[in-house]
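Following: one structure in structure tokens, then a few remarks.
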Amino acid sequence: DYVIVDSKRPAVKGNYVVALVDNGSTVKTYMKDNHGRSYLHPENKDYEDIYPEQDLQIQGVVVGLTRWY
């Protein structure tokens, strides 16, 4: 899969984002809890939400996806 990312678009709750979290890169849903803390939500139900221990940098908002089979 290839994701198309807009690095200038600000992330809002519910956007799929490419994020650097605690020195690891991932694609997840950007969320905020009731206290305003940002976290990442995986679509795979086998995984838990990711609250950054140190750092969360949004590298861009996913605006497209291309799949090659």
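Worth knowing before you read on, the calculation uses all heavy atoms, side chains too, and leaves out hydrogens, waters and symmetry mates.
Atoms CG and CD, on Asn23 and Gln57 in that order, are 8.5 Å from each other to the nearest 0.5 Å. The line from CD1 of Ile4 to CG of Leu65 is 7.5 Å long, rounded to the nearest 0.5 Å. Rounded to the nearest 0.5 angstrom, Gln59 CD and Ser25 OG are separated by 4.5 Å. A distance of 5.5 Å separates CD1 in Ile50 from OG1 in Thr26, rounded to the nearest 0.5 Å. To the nearest 0.5 Å, atoms CZ (Arg37) and NZ (Lys32) are separated by 11.5 Å. For the atom pair Asp22 CG and Asp55 CG, the distance stands at 7.0 Å (nearest 0.5 Å).
The minimum heavy-atom distance between Pro42 and Asp49, with the atom names listed, is CD-OD1, 3.7 Å. Considering every non-hydrogen atom in both Val61 and Ala11, the closest pair reads CG2-CA, 3.8 Å.
Taking the six-membered ring where tryptophan is involved, the planes of Tyr2 and Trp68 are perpendicular, since the angle between them exceeds 60° and thus also 30°.
Side-chain contact check for Val27 versus Val62: some heavy-atom pair is nearer than 4.5 Å.
Residues Val3 and Tyr16 are members of one and the same hydrophobic cluster, defined by side-chain heavy-atom contacts under 4.5 angstrom among Ile, Leu, Val, Met, Phe, Trp and Tyr.
Summarising the local packing, OH of Tyr51 is surrounded by more than 12 heavy atoms from other residues, nucleotides or ligands at distances under 6.0 Å. More than 12 non-hydrogen atoms from other residues, nucleotides or ligands lie less than 6.0 angstrom from CD of Glu43. Within 6.0 Å of the CG atom in Asn44, the count of heavy atoms belonging to other residues, nucleotides or ligands exceeds 12.
Under the side chain to side chain contact (heavy atoms under 4.5 Å, CB included) rule, Ser38 has a single partner from Leu56, Asp33, Val17, which is Leu56.
Not one N or O on the side chain of Asp1 forms a donor-acceptor pair closer than 3.5 Å with the backbone of Arg67.
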